[in-house]
Amino acid sequence: MGSGFDADAVSDVVSQRADVLACLADGPKHNRDLQEELGVSRSTAYKALRELEEHSLVERTDDGFGLTLTGRLAFDQHAQYTDAIEVLCVPGSLLTVLPSDAIDSLAVLRGADVVFAERHAPNLPVNTIEDIVHEATALRGMSPVLLPLYVELFHECIVDGDLDANLLLETPVVEHLFDQYRTAAVEVVETGDTHLWNIDETLPFGLVVVDEPDPMVALIVYDDSGGLRGVITNSTASAVAWGRNVWERYRSDARPITLE
């Protein structure tokens with residue numbers, strides 16, 4: 001009767017010999033072909049193949065060594081895991097600022113561009129946000145903080161421009177907005193092209209979802225003191241869908257703000 005394999009042992013071999021598995025992913029190869037592709041000695045290639053064969057990850061065929069079904073599936077999973085780790089490493093320190101449950105999908109990170117607030121250039125993320133808002137004609141946004149720049153930026157684009165916006169703000173942000181920038185806030189609301197929403201829940205990050213003309217999403221990361229740490233931007237369809245779903249989820253718990 002057959003038996004299962006040692007998962008830890010297989011995992012270790014797949015990780016250690018991933019380069020060999022990658023070479024065999026497109027078809028069987030002889031030892032000498034692996035030597036040339038990997039730039040290793042005959043004995044090194046032989047040792048790697050022997051280990052993979054012992055764990056039923058490769059098998060001998062008339063055309064050389066090829067992946068078994070187990071080997072192919074194991075390598076596919078390893079490649080997906082490696083890709084996910086690489087995706088997570090791009091935003092790097094920005095993710096350490098966010099709560100552990102802030103993002104439930106890699107969609108917004110895969111294929112993203114990241115702009116960090118550098119010591120020598122702290123306004124780089126600000127410039128990115130300005131460019132995004134200036135180029136948009138319809139967007140949805142949410143924010144846990146209120147920077148003077150945001151008031152000026154949205155007032156300019158909405159009152160003096162043609163931006164149609166739906167903005168979701170934390171309760172303290174709304175209070176600060178109407179306390180310190182009431183005239184600008186009222187003018188924005190009175191255009192009829194903007195809808196403000198108030199939410200009591202703490203927002204884990206800022207978000208801009210551009211619907212027109214070119215869909216894209218921007219995840220804006222702040223530290224605990226409200227300092228802008230960076231912006232993650234992405235225009236892939238999956239990232240935009242993620243952003244829309246996140247915004248709608250928070251909006252469902254929000255209240256519209258009126259001037260009455």
Would you find a donor on one side and an acceptor on the other, under 3.5 Å apart, between the side chain of Glu59 and the backbone of Phe65?
-> no
Under 3.5 Å, is there a donor-acceptor pair between the side chain of Arg72 and the main chain of Ala25?
-> yes
Rounding to 0.5 Å, atoms CZ (Arg17) and CG (Leu24) come to a distance of 12.5 Å
Decide whether Thr96 and Ser93 meet the rule of one side-chain donor and one side-chain acceptor closer than 3.5 Å.
-> no
Should the pair Tyr150 and Phe154 be assigned to parallel (<30°), tilted (30 to 60°) or perpendicular (>60°) ring geometry?
-> perpendicular
Given the options Ile257, Thr258, Leu196, Thr194, Val189 meets side-chain contact (heavy atoms from CB on, under 4.5 Å) only with Leu196
Report yes or no: does His134 contribute a side-chain atom to a donor-acceptor pair with the main-chain N or O of Glu130 at less than 3.5 Å?
-> yes
For Ala7, does its backbone N or O pair with a side-chain atom of Ser11 as donor and acceptor, under 3.5 Å?
-> no
What one should report as the nearest heavy-atom pair of Pro213 and Ala136 is CD-CA, 4.0 Å
State whether the side chain of Thr68 and the backbone N or O of Leu57 hold a donor-acceptor pair below 3.5 Å, judged by distance alone.
-> yes
Can you establish whether the number of heavy atoms outside Arg42 located under 6.0 Å from its atom CZ is more than 12?
-> no
Residues Pro148 and Tyr181: closest non-hydrogen pair is CG-OH, 3.5 Å
Distance-minimising heavy-atom pair for Ala254 and Ile199 | CB-CB, 4.1 Å
Considering only NZ, NE, NH1 and NH2 on the basic side and carboxylate oxygens on the acidic side, decide whether Lys29 and Asp63 come within less than 4.0 Å.
-> no
Say whether, by atom type as modelled, one donor and one acceptor occur between the side chain of Asp253 and the main chain of Tyr250 under 3.5 angstrom.
-> no
Between Gln35 and Asn31, is any side-chain donor less than 3.5 angstrom from a side-chain acceptor?
-> yes
So, Glu53 and Arg50, do they make that salt bridge, N to O below 4.0 Å?
-> no
Applying the 4.5 Å side-chain criterion to the ILVMFWY set and letting contacts propagate, would Val97 and Val108 be lumped into a single cluster?
-> yes
Is there a donor-acceptor pair under 3.5 Å between the side chain of Thr128 and the backbone N or O of Leu124?
-> yes
Rounded to the nearest 0.5 Å, what's the gap from CZ on Arg249 to CD on Glu201? Could you check?
-> 8.5 Å
Taking Leu139 as the fixed residue, which of Leu167, Val209, Asp211 is the one that meets the side-chain contact (heavy atoms from CB on, under 4.5 Å) rule?
-> Leu167
Is it true that a side-chain atom of Asn123 and a backbone atom of Val126 form a donor plus acceptor pair closer than 3.5 Å?
-> no
Can you hop from Ile132 to Leu146 via hydrophobic side chains spaced under 4.5 Å?
-> yes
Go through the side-chain N and O atoms of Thr171 and Asp200 and say whether any donor and acceptor fall under 3.5 Å apart.
-> yes
